[in-house]
Amino acid sequence: MAERAALVTGGSSGIGLAIARLLGEEGYAVTIVARRPEKLEQAAEELRAAGIEAHAVAAQLAEEEEIVRAFAEHRERWGRLDVLVNNAGFGFGAALDSIPTKHLDLQMAVNLRATVIATREGIPMLREAGAEHRKALIVNMASIAGKAGQPWLSVYGATKAAIVNFTQATQREVSGQGIQATAICPGFVDTAMTDFIKEQISADEMMRPEDVAEAVRFLLRTSPNCLVPEIVLARPAETGGQLL
């Protein structure tokens with residue numbers, strides 16, 4: 001049984017892997033969950049090579065039974081859950097009159113539905129950790145696109161706005177149980193997910209995955225009496241509410 005353990009969805013690359021690495025550096029055993037087994041295991045090996053206790057669970061997060069299985073494997077492996085990071089997500093840009101239903105459904109399933117189901121599955125273990133040390137954490141990855149509607153990102157932004165609202169509702173429901181819930185709302189981060197925009201905004205102008213991970217480190221280090229409902233991480237060009 002680990003002294004502290006975390007589960008990170010979308011943990012095979014980008015922001016999720018950066019957060020998993022940071023959690024490991026902070027002494028947490030980590031379960032990373034993502035859909036591509038080979039890529040996921042490569043990420044886990046990278047973490048283990050850095051001295052981090054890491055377990056990989058390949059799962060399709062659009063499927064309820066896959067999420068339930070991932071949490072069961074996490075409990076069996078580590079015996080506890082102190083930090084849940086709901087990071088997995090998809091983003092597809094499209095004009096309103098040409099949104100593919102397949103992309104609509106996938107964003108709703110992974111960005112929102114999976115976060116709700118993962119929170120449901122994680123709450124019992126998080127309550128146990130909260131009762132023990134008063135500082136279990138739920139970190140939900142939203143987006144600056146969820147703070148103000150953006151053209152061509154209507155569905156993605158809507159799911160992320162829902163994540164902010166769901167995080168607020170979660171916090172009110174678990175208040176007094178030693179659990180804190182925070183929504184992180186980053187602007188463009190240099191990951192594969194933002195490749196679509198890199199002809200307009202270069203990678204050098206974007207935030208790094210490690211910038212987002214550092215927000216999680218901040219949350220780990222605040223006292224149980226310091227609740228942080230939301231963190232917005234914006235590039236200088238995004239401070240006016242526009243992404244571009």
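Computed from heavy atoms alone, side chains included, the values below leave out hydrogens, waters and symmetry copies. These figures come from a predicted structure and were not determined experimentally.
Classification of E214 and R208 as a salt-bridged pair fails, no side-chain N sitting under 4.0 Å from a carboxylate O.
Rounded to the nearest 0.5 Å, atoms CZ (R113) and OG1 (T159) are 14.5 Å apart.
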Using residues 90-105 as the side-chain source, report each donor-acceptor pair under 3.5 Å to any protein atom, sequence neighbours left out, with the distance given to one decimal.
from : atom 1 : to  : atom 2 : distance (Å)
S98  : OG     : A95 : O      : 3.4

Enumerate donor-acceptor pairs with a distance under 3.5 Å from any side-chain N or O in residues 22-35 to protein atoms, sequence neighbours excluded.
from : atom 1 : to   : atom 2 : distance (Å)
E26  : OE2    : R217 : NH1    : 2.6
E26  : OE2    : R221 : NH2    : 2.8
T31  : OG1    : H74  : ND1    : 2.8
T31  : OG1    : W78  : NE1    : 2.9

Could you go through residues 1-12 and list every donor-acceptor pair under 3.5 Å that involves a side-chain atom there, pairing it with any protein atom two or more places apart or in another chain?
from : atom 1 : to  : atom 2 : distance (Å)
T9   : OG1    : N87 : N      : 2.9
T9   : OG1    : A88 : N      : 3.0

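In this structure a side-chain-to-backbone donor-acceptor pair under 3.5 Å is missing from R235 to M207. Using modelled atom types, one side-chain atom of K160 and one backbone atom of M141 make a donor-acceptor pair closer than 3.5 Å. In this structure, Q180 contributes its side chain and P224 its backbone to a donor-acceptor pair below 3.5 Å. Of the possible donor and acceptor atoms, one in the side chain of Q171 sits under 3.5 Å from a partner among the backbone N and O of A181. T194 contributes a side-chain N or O that, together with a main-chain N or O of T191, makes up a donor-acceptor pair within less than 3.5 Å.
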Given the rule in the salt bridge (charged side-chain N to carboxylate O under 4.0 Å, His left out) test, do E73 and R69 qualify, once you have shown the distances and angles that lead to the verdict? CA-CA 6 Å; E73 285 197 30; R69 176 178 57 81; 3.1 Å; yes
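More than 12 heavy atoms of other residues, nucleotides or ligands lie within 6.0 Å of CD in E205, so this atom counts as buried by the packing criterion. Enclosure of atom CZ in R120 by more than 12 non-hydrogen atoms of other residues, nucleotides or ligands within 6.0 angstrom is indicated. Other residues, nucleotides and ligands place no more than 12 heavy atoms under 6.0 Å from the CD atom of E38.
Of all heavy-atom pairs between L126 and L137, the closest is CD2-O, 3.8 Å. Between E230 and C185, the shortest heavy-atom distance links the atoms CG-SG, 4.0 Å. Taking each heavy atom of R80 and M125 in turn, the nearest pair found is C-SD, 4.1 Å. Heavy-atom minimum distance, M193 versus Y156: CE-CE1, 3.5 Å. Considering every non-hydrogen atom in both A43 and L17, the closest pair reads CB-CD1, 3.9 Å. The shortest non-hydrogen separation linking K135 to S223 is NZ-O, 4.0 Å.
If you chain together hydrophobic residues whose side chains sit under 4.5 Å apart, V189 and V164 never meet in one group. Residues V232 and V228 do not share a hydrophobic cluster, defined by chaining ILVMFWY side chains whose heavy atoms lie under 4.5 Å apart. At a threshold of 4.5 Å between side-chain heavy atoms, the hydrophobic network of Ile, Leu, Val, Met, Phe, Trp and Tyr places I15 and I184 in one connected group. Put simply, V139 and I52 are part of the same group of oily side chains (I, L, V, M, F, W, Y) that touch within less than 4.5 Å, one to the next.
Under the 3.5 Å distance criterion, with hydrogens and angles disregarded, no donor-acceptor pair is assigned to the side chains of T115 and N140.
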